[in-house]
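Just follow the structure's listing: the first ligand is 1, and inside any ligand the first atom is 1.
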Amino acid sequence: MAQNIPELYGSLVFNNKIMREKLPKDMYKALRKTIQNGTHLELDVANSVAVAMKEWAIENGATHYTHWFQPMTNVTAEKHDSFISPTGDGEVIMDFSGKELVKGEPDASSFPSGGLRATFEARGYTAWDPTSPAFIKDGTLYIPTAFCSYTGEALDKKTPLLRSMETLNKEAVKMLHLLGDTSVKNVSTTVGPEQEYFLVEKELYKQRKDLVFTGRTLIGAPAPKGQEMEDHYFGSLKPRISAFMHDLDEELWKLGIPAKTKHNEVAPAQHELAPVFDTTNVAVDHNQLTMEVMKKVAEKHGLVCLLNEKPFEGINGSGKHNNWSMTTDAGENLLNPGKTPAENTQFLVFLTAVIQAVDDYADLLRISVASAGNDHRLGANEAPPAIVSIFLGDELTAVLESIEKDEYFDAKKSVQMDIGAKVLPHFTKDNTDRNRTSPFAFTGNKFEFRMLGSAASVANPNIVLNTAVAEVLRQFSAKLENVAPEDMESAVHELIKETISAHKRIIFNGNGYTDEWIEEAERRGLYNLKSTPDALPMWIADKNVKLFTEHKIFTEGELHSRYEIWLENYIKTINIESNTMVEMVQKDLLPSVFKYMEEVSQTATLKKSVVSGISVETESALLEELTQLSGEMVKGLDKLKTDTAAALAEEDAQDSAKAYQSVVLADMQELRTSADKAEALIPDSLLPYPTYGKLLFSI
Ligand code: ADP
Ligand code: MG
């Protein structure tokens, strides 16, 4: 049935329109000021908002509220409190105060803190983030909040994200003022995350311990067909998938999430959803919600949504593309090449700032997407390589080259002449280039950071990106600050020129999947941090500690705490995978192999008893192969168990993580090889779990 979408859209969100309707005028104004300028919120305003929120929530069926936050796990956290307040005569009223809106005090002791929170001070607090709208889900009013320890250290992803947006705002505004645009009050970053995912049959999912415990398959022989026919990408949607996507869109729209594009992806059973971009903070919250809603809606359709980065071997895994830009309060996109030379100057300043930021902090960007799951993608020929580089396209690269060489650039004729003058070239936007192998691509009026994994929050990459760009803008400002107005143009030109010259090594327009690029990148001195344990130590390298502490994004303690949490998370993830694999091979697959061997032996014995002297060569050969493989599996299990125990026993977390990566993962791969060969030999009826063929092609 056709619905009134504009009416449906945001119907569960306490948005600006509702606030204007529900709040007294002065209160509404004060709240808008807080949202737009980040000014302090007075308690009387908070009280007024709380009353309006509660009334609206109750009208819309809510009985509870929750401070919704993003601890250092991959999921969000919530504790629901009802609005009821006993009046003493056996009755209740529905109550909610400004204090309850603004601050919560959950017990923080069971969330990862990386050693930040001393055990004697288990309390943490959540603080309302008025810049991300509250919403209703399942009868509860959700209030987006930041989560800190009682002594003020960030225990979540939102706190540093908001700090990074603030620092970028400050530095970008300062730069714009220096460039002569003094009307700008505010610059915010924008993000549009494209989300990939798999859908599998729920009944089949439940039969796979690896999917249930780890989110990805640890064994599984390839199906007869994979993605080689290239018939899934943008293919027509199967009715069940279409029904799922339809429901998903509606649920997201109700929550004010502007889901826009949906399509089938490259791998069988793989799909993608992209929203319209939003302010980073809101986009990050929305992406968290989107992942959650995807899972919930899938369940309703008898499906399971897999968000793991590498659910299946041999076909593409899932990532997320973080489309990123900066926009002024007047709505001007700072990465939009302009029509006039002045606009172009501004564009080039911000463009080169991003180029330098990515070059200076490529290690941090790599870390910001590092996880056990994503390690299976980065560097494989399906996702960008683990080396961070920037794609600009031929035209923009030519423009930058002409600046570097003091040549004149003519876009139309594509000729470059030396004019000697220190003026910036004229060029207009003409960006039709596409490069799918670049980790960080300029796509006309935004950058697309493509290394993100599908399961992780998009907060980290944006914290790094915002802070790194802010730092470069700060350096730029320092160089331009004392320049006389009449010298500004040539100073800016010189700055851009210097920056290009110093950082052009990060620009690579070619194919990132080739071995030649890996060698070339090494010659250029770019980082190639192949795995999470290789990358993580850079997080606390001096230059990075300096960056984050100077911009007040993280204290040194907070940085170390995150490093610990990520290492532990990596260790635990692979430990669970190893345990699961042991269980599946030992308790499920091996017994199936033995059962099949028994059947085959019985067939041989029976044959011989009926026809004396008959050949049982086939049976013998099969038995031999299965014996060989089961022998390998038993040995592989032993080795995996021993090595896992040793990796776990490593005292130093960095050593432990490295042992999991270099030894345990290799063991798992080896065990998998025998297991998959055995699986391919035994009949489906004896297999303890559904095959790749069923998982990928049954819907
Ligand atoms: P693609 O060809 O990669 O699908 P699209 O133009 O469709 O590119 O955009 C992909 C994503 O980029 C969408 O989520 C879109 O809203 C987002 N996007 C577009 N402009 C911006 C911007 N200025 N800042 C951040 N994200 C943006
Ligand atoms: Mg894209």
Exercise. Report the residues that fulfil side chain to side chain donor-acceptor pair (under 3.5 Å) with Gln270, sequence neighbours left out, ordered by chain and then residue number.
Key: Ser318

Quiz item: Going through the checks in order, is the side chain to side chain contact (heavy atoms under 4.5 Å, CB included) test met by Lys254 and Phe135?
Solution: CA-CA 9 Å; Lys254 280 189 224 165; Phe135 55 92; over 6 Å; no

Sub-4.0 Å atoms of ligand 1 with respect to non-hydrogen atoms of [X]:
X: Pro275; value: 13 (C), 14 (O), 16 (O)
X: Val276; value: 16 (O)
X: Ser325; value: 22 (C), 23 (N), 24 (N)
X: Asn333; value: 23 (N)
X: Lys446; value: 6 (O), 8 (O), 9 (O), 12 (O), 18 (N), 19 (C), 20 (N), 21 (C), 27 (C)

Consider every N or O of [X] and every N or O of ligand 1, then say whether any pair is closer than 3.5 Å.
X: Val191; answer: no
X: Asn445; answer: no
X: Trp324; answer: no

Practice problem: From the options Lys504, Arg505, Arg524, select the one residue that forms a salt bridge (Lys or Arg N to Asp or Glu O under 4.0 Å) with Asp359. | Solution: Arg505

Self-check item: Asp375 and its salt bridge (Lys or Arg N to Asp or Glu O under 4.0 Å) partner, picked from Arg216, Arg366, Lys310
Solution: Arg366

Self-check item: Separation of Met245 CE from His263 NE2 (nearest 0.5 Å)
Solution: 8.5 Å

Exercise. Would you check if Ser454 and Asn308 make a side-chain contact, meaning some heavy-atom pair closer than 4.5 Å?
Key: no

Quiz prompt | Flag side-chain contact, heavy atom, 4.5 Å: Trp517 against Asn511 | solution = no

Quiz item: When you look for heavy atoms under 4.0 Å from ligand 1, do you find them on the side chain of Glu448, its backbone, both, or neither?
Solution: side chain

Self-check item: ligand 1 contacted by His321 (non-hydrogen, < 4.0 Å)
Solution: no

